[in-house]
Number of protein chains: 2
Amino acid sequence: MNRPQRVRTDPDEMRARILEVAEEYFRRVGYQKTSVADIAAELGMSPANIYRFFPSKSAINESICGRVTREIVDLAFSVARTRAPASEKLDRLLMAVHRHNKATLIKEKRTHDMVVAAMEENWPVIKAHVEQLVTIIEGVIREGVEAGEFSVDDPVETARAVKLSFLPFFHPLLIQQCIEQGEDTEANLRVQIRFILKALGAAE
Amino acid sequence: MNRPQRVRTDPDEMRARILEVAEEYFRRVGYQKTSVADIAAELGMSPANIYRFFPSKSAINESICGRVTREIVDLAFSVARTRAPASEKLDRLLMAVHRHNKATLIKEKRTHDMVVAAMEENWPVIKAHVEQLVTIIEGVIREGVEAGEFSVDDPVETARAVKLSFLPFFHPLLIQQCIEQGEDTEANLRVQIRFILKALGAAE
């Protein structure tokens, strides 16, 4: 009878349980309306106990958003690692990330709120996430240059320019604005990808 | 003694006075915290009197934002009408609009709030404004194509792509985010303009 109790008080297990309950709560009630006391009550513990693991509600959200953003990076990598011409990979990568963000961040309104809160409170997590994506894009650009597909002087600078040109299809608030205006974001992104590929010197 | 009174009740004059007092109030107190009753009190009239001219606070803001956005279009036109190569004009136009937005929307925090409110409440005004800018950009692109400077198949589609690539330097919330992160937006825009000119097929 002792063992299950020891498992329950294992710090990693405890953190995982807090995150699980908090995420469920954020999704159900909304990030802004949830307090650390609510999460503690749901777990049958005191807020002080939660603070032993996470210094704030914002820190809990940081961990949850870390997982959400990890999914996007995994998706980008899965496209970048396929065997295909670099221009095709970049096209599919940007479209896949846009679709994923649109589906998760817009349809799951609560997740959207969590990410927007993270953008305000935990910028380093979001910044690191964007940096990872830029690095994956840079890798695809370098491949294209090596294969003679792209003509690019500075792959680092160019990867950042691709990221900025893609931002209207990546940033949750901008995606939301476009959708509210009834715009066809995927059709717009097709045009934008052609523009980006032209800037990379890809053959049309 | 009659004439000044007649002028004071002239509808155009009345609208102008309401806008002037409202703008002063929005800038001093903030858009969200100002009510139509506040504006009416400042003018020594009843709210009902204001509603004869503007159906809502949002409609007042629409008129004020119309003037703010008009300034930006005038600035873009003033650059577009100079005599210079198209690539140089596009470069100067995007940089001038970015600097203007950064100065007005960020330094004058209250104006920023008014424009953000307009983005939520009066999207058609903002949309029309963006369309005007896209049209001016399209004109410069057409000039560049005619002069053999640019190689572009579809100037309409390309002007939209330029607008989207410029959005991170144009959208008040995105400019604000960049500045809060201590980024050098003008240096970033220099890189982005090089990328845009490359997509237009401009010689480097």
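Convention: sequence-line order gives letters A, B, ...; per-chain numbering from 1. Everything numeric here is computed off the predicted structure, so don't read it as measured data. Just so it is clear, the values below take in all heavy atoms, side chains as well, and ignore hydrogens, waters and symmetry mates.
- Heavy atoms of Leu197(B) lying under 4.5 Å from chain A are absent altogether.
- The distance from the CG atom of Leu164(A) to the CG atom of Leu174(B) is 9.5 Å, given to the nearest 0.5 Å.
- Neither the backbone nor the side chain of Glu180(B) comes within less than 4.5 Å of any heavy atom of chain A.
- Annotation: side chain of His171(B) is in contact with side chain of Gln177(A) (closest heavy-atom distance under 4.5 Å).
- Only the side chain of Leu167(A) has a heavy atom closer than 4.5 Å to any heavy atom of chain B.
- Interatomic distance, CD of Glu157(B) versus CZ of Arg190(A), reported as 12.0 Å (0.5 Å rounding).
- For the pair Lys198(B) and Leu200(A), the tightest heavy-atom approach, listed with the atom from each and the gap, is NZ-C, 4.1 Å.
- With respect to chain A, the highest number of heavy-atom pairs below 4.5 Å among Ile196(B), Asp154(B), Asn188(B) belongs to Ile196(B).
- With a threshold of 4.5 angstrom between heavy atoms, Phe169(B) approaches chain A through side-chain atoms but not through N, CA, C or O.
- Scanning both residues, Ser165(A) and Phe195(B), for their nearest heavy atoms gives OG-CE2, 3.4 Å.
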